Amino acid sequence: MFPDAPESSAQLLQGLNPEQLAAVTWPPQSALVLAGAGSGKTRVLTTRIAWLLQTRQAGVHSIMAVTFTNKAAKEMQTRLGAMIPVNVRAMWLGTFHGLCHRFLRLHHREAELPASFQILDSGDQLSLVKRLLKSQNIAEEIIAPRSLQGFINAQKESGLRADKLEAPDPHTRRMIECYAEYDKICRREGVVDFAELMLRSYEILQRNDILRQHYQNRFNHILVDEFQDTNKLQYAWLKLMAGDSAAVFAVGDDDQSIYRFRGANVGNMTALMHEFGIDAPIKLEQNYRSVGNILAAANAVIENNDERLGKNLRTDAAAGDKIRYLSAPSDFEEAQFIIDEAKSLHREGWPLSEMAVLYRSNAQSRVIEQALFRAGVPYKIYGGLRFYERQEIKHALAYLRLAVNPDDDNALLRVINMPPRGIGARTIENLQTASAEQGISLWQAACNAGAKAAKTAAFVRLIESLRNQVGQLSLPEILAGILKDSGLIEYYQTQKSDHQDRLDNLDELVNAAIEFNPEESNFEILPDNIAAADPAFPLLAFLSNAALESGENQAGQGEDAIQLMTVHASKGLEFNVVFLTGMEEGRFPSEMSLAERGGLEEERRLMYVAITRARKRLYISMAQQRMLHGQTQFGIVSRFVEEIPPEVLHYLSAKKAAFASFDTPKPRSDIRAAETYQAAKTYGGFKIGQNVRHPKFGTGVIIDAVDKGESARLTINFGKEGVKELDTKYAKLEAV
DNA sequence: CGGTTATCGATTTTT
DNA sequence: TCGATAACCG
């Protein structure tokens with residue numbers, strides 16, 4: 001089946017540098033590959049799999065490859081397919097959650113789950129939590145739904161069930177009780193949240209010797225991408241899957257660990273080394289992406305972090321352009337600058353799609369977006385609400401879920417009165433009381449109540465007839481049918497606003513159903529897979545897919561547009577031109593992160609990620625004045641900019657611009673002009689928003705002032721030195 | 001029941 | 001500022 005092994009494997013390894021070659025052809029032992037940004041990480045990972053297969057050291061069935069995102073999994077799959085003729089689908093290649101899902105479908109009996117179990121996405125999870133709090137009569141002020149949701153997920157991701165938890169205080173005790181109740185509801189309704197997919201799989205492996213041994217025998221090679229992002233539970237799961245014999249080949253970069261806030265544990269990297277007998281990591285330090293000056297900046301910034309495994313990127317590329325830095329008078333002018341620059345680069349022939357505007361938080365995108373819109377420059381924003389999160393899509397899917405499992409209370413509540421069919425809060429409350437009293441699902445309660453309540457009975461009939469179609473009609477037929485029969489389409493047609501978008505999305509959903517191929521989903525198609533024989537199989541597969549896939553694989557591609565996204569969202573991407581915006585103390589590094597232990601270092605890693613996205617040209621900008629949350633905020637330049645060696649920076653009219661704006665404030669064309677003017681009042685010769693220098697504290701910005709006649713009391717933000725209150729009578733302040 | 005007003009709060013996010 | 005969510009009234 002394979003071409004002659006030695007020859008073709010030489011071809012496979014062609015063009016790898018010595019570090020990469022060492023990693024790819026590492027003996028069948030565990031390894032940690034420290035792969036810097038742009039060092040060919042994905043290539044190493046995929047080539048190693050291809051090499052293992054081609055040299056027959058491993059068969060497809062004995063390899064597991066894990067990623068975090070569907071995108072990364074898909075990319076590995078395609079790249080692997082291009083390298084070597086192999087049935088990649090037979091391999092366990094996918095996301096942590098995708099593989100756990102597959103595992104639970106295969107072993108749903110051991111997992112004590114119904115064959116038709118459904119996956120809750122975070123929105124579903126939140127509504128379940130809210131429902132639970134209401135039923136327990138716990139006010140939102142006592143326990144916020146989101147905090148309970150976070151609590152439950154955090155516990156699950158540490159591998160802890162409610163009965164294992166100890167309460168240090170009464171408040172936590174209530175949370176633990178809610179956690180226990182939450183799991184009970186999930187079991188009753190046959191639903192599983194994201195963290196549960198992992199935890200349940202882990203527990204089965206732990207408790208079931210036969211299964212554990214089966215998988216430990218099966219997988220000889222476990223390859224993990226973005227290992228620095230794994231959480232405690234994922235690491236424990238990997239350990240169980242690996243057992244004593246499998247070689248874990250983990251690729252990651254501790255300098256790009258930016259997801260601690262959602263449970264990622266960089267400590268897993270050193271833990272892996274200790275527990276899997278790895279003496280030293282393999283370092284990939286040759287960077288193939290960025291020009292010298294950009295790399296120098298990245299290295300210089302990240303060197304300020306203490307807790308590192310140690311790694312320094314190098315490149316053969318020329319120094320290239322210097323990093324262009326602009327201190328703009330306002331967010332408005334910062335945006336304008338970016339647009340002018342992007343337009344001129346575009347005229348020079350750079351595609352817009354090769355330019356990215358990065359910001360720390362989503363709220364910062366608005367100014368830039370508006371400016372782009374006015375200038376007529378096409379742009380694409382990442383990170384809006386996803387296709388499968390839209391309400392009309394969730395409504396439609398809820399009907400499908402009821403078709404598969406009517407006991408899914410979440411789904412029932414979502415659509416029992418959507419479109420409005422006269423079943424109001426009162427009726428629903430009655431159903432909920434009945435369900436709680438008799439320990440039955442809302443659906444069963446609705447069936448019982450049918451005789452008395454005509455409207456409820458009509459809904460029950462609607463769902464019944466839907467259920468009868470399962471196995472009779474095809475998935476798209478069922479979907480299109482229920483959209484019509486339920487009145488959902490008609491409802492949106494009669495709505496005044498944003499109806500067309502929603503109708504288009506529903507059409508899109510039907511299209512997705514037509515094109516959906518269950519065999520390509522997360523299910524492993526095996527002759528003995530009971531799920532695959534179920535008449536509801538296409539529906540189940542489609543729904544699982546919708547929950548696990550964000551669904552913006554091909555959305556809006558084609559047009560040449562500037563890419564707007566948060567720094568987080570940019571991880572893993574690269575662009576010829578990057579505009580790194582909003583580089584102000586308090587925004588980046590974010591004020592909130594400074595309060596957390598290790599927060600500053602994580603922000604710095606984020607900065608490192610941002611810088612290393614750029615191939616050829618990097619712009620860094622800050623706004624001395626920014627409109628945020630309806631208020632004008634004054635800021636000074638981020639300490640991270642000051643960590644960049646001056647010799648790789650090129651200053652663009654920074655100080656001139658600063659003076660110009662405050663000495664001669666020009667009326668701005670938008671409504672905010674009035675507020676801009678207010679900042680021009682002087683206090684002891686200084687103005688709010690002005691930059692000043694203090695002999696001891698350095699440079700700062702005046703954020704507030706109280707006039708005291710002769711002198712003034714100024715509140716000044718000195719960045720690293722903190723916020724000080726100084727009197728102009730005593731403090732030696734000079735304007736900058 | 002369903003639309004309208006008031007209130008709150010606000011990094012980062014994948015599955 | 002703006003958006004989501006909750007109480008409120010017709």
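The sequence lines fix the lettering, A, B, ..., with proteins before strands; numbering per chain opens at 1. What you are looking at is a predicted structure, and each value in this text was computed from that prediction instead of being measured.
- B/dT12 adopts an anti glycosidic conformation, its chi angle falling more than 90° from 0.
- The interatomic distance linking A/F332 (CZ) with C/dT1 (P) rounds to 16 Å, in whole Å.
- For the C1' atoms, the distance from C/dA6 to B/dT11 is 25 Å, rounded to whole Å.
- Applying the side-chain contact (heavy atoms from CB on, under 4.5 Å) criterion to A/A195, with sequence neighbours excluded, gives A/N153, A/K156, A/E157, A/D193.
- Contact between the side-chain N/O atoms of A/R366 and the OP1/OP2 oxygens of C/dG3 is found at a separation under 4.0 Å.
- Taking the six-membered ring for Trp and the full ring otherwise, A/F151 and A/H171 have centroids separated by 6.0 Å or more.
- Side-chain polar atoms of A/Q228 and A/D254 form no donor-acceptor pair below 3.5 angstrom.
- Using a 4.0 Å heavy-atom cutoff across all strands shown, A/D193 reaches no nucleic acid atom at all.
- When heavy atoms are screened at a 4.0 angstrom cut-off, A/T427 is found touching the sugar-phosphate backbone but no base atom.
- Using a 4.0 Å cut-off between a side-chain N of Lys or Arg and a carboxylate O of Asp or Glu, A/D253 and A/K41 do not qualify as a salt bridge.
- Side chain to side chain, A/Q77 and A/E75 fail the donor-acceptor criterion of an N or O pair below 3.5 Å.
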- Message: Can you build the contact string for nucleotides 5-15 of chain B? Use B for base contact, S for sugar-phosphate-only contact, and - for no protein heavy atom under 4.0 Å.
- Response: -----BBBBBB

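- Because its NZ or CZ atom is not both nearer than 6.0 Å to the ring centre of A/F459 and within 45° of the ring axis, A/K455 does not count as a cation-pi partner of that residue.
- Within 4.0 Å (heavy atoms only), A/L628 reaches no atom of the nucleic acid at all.
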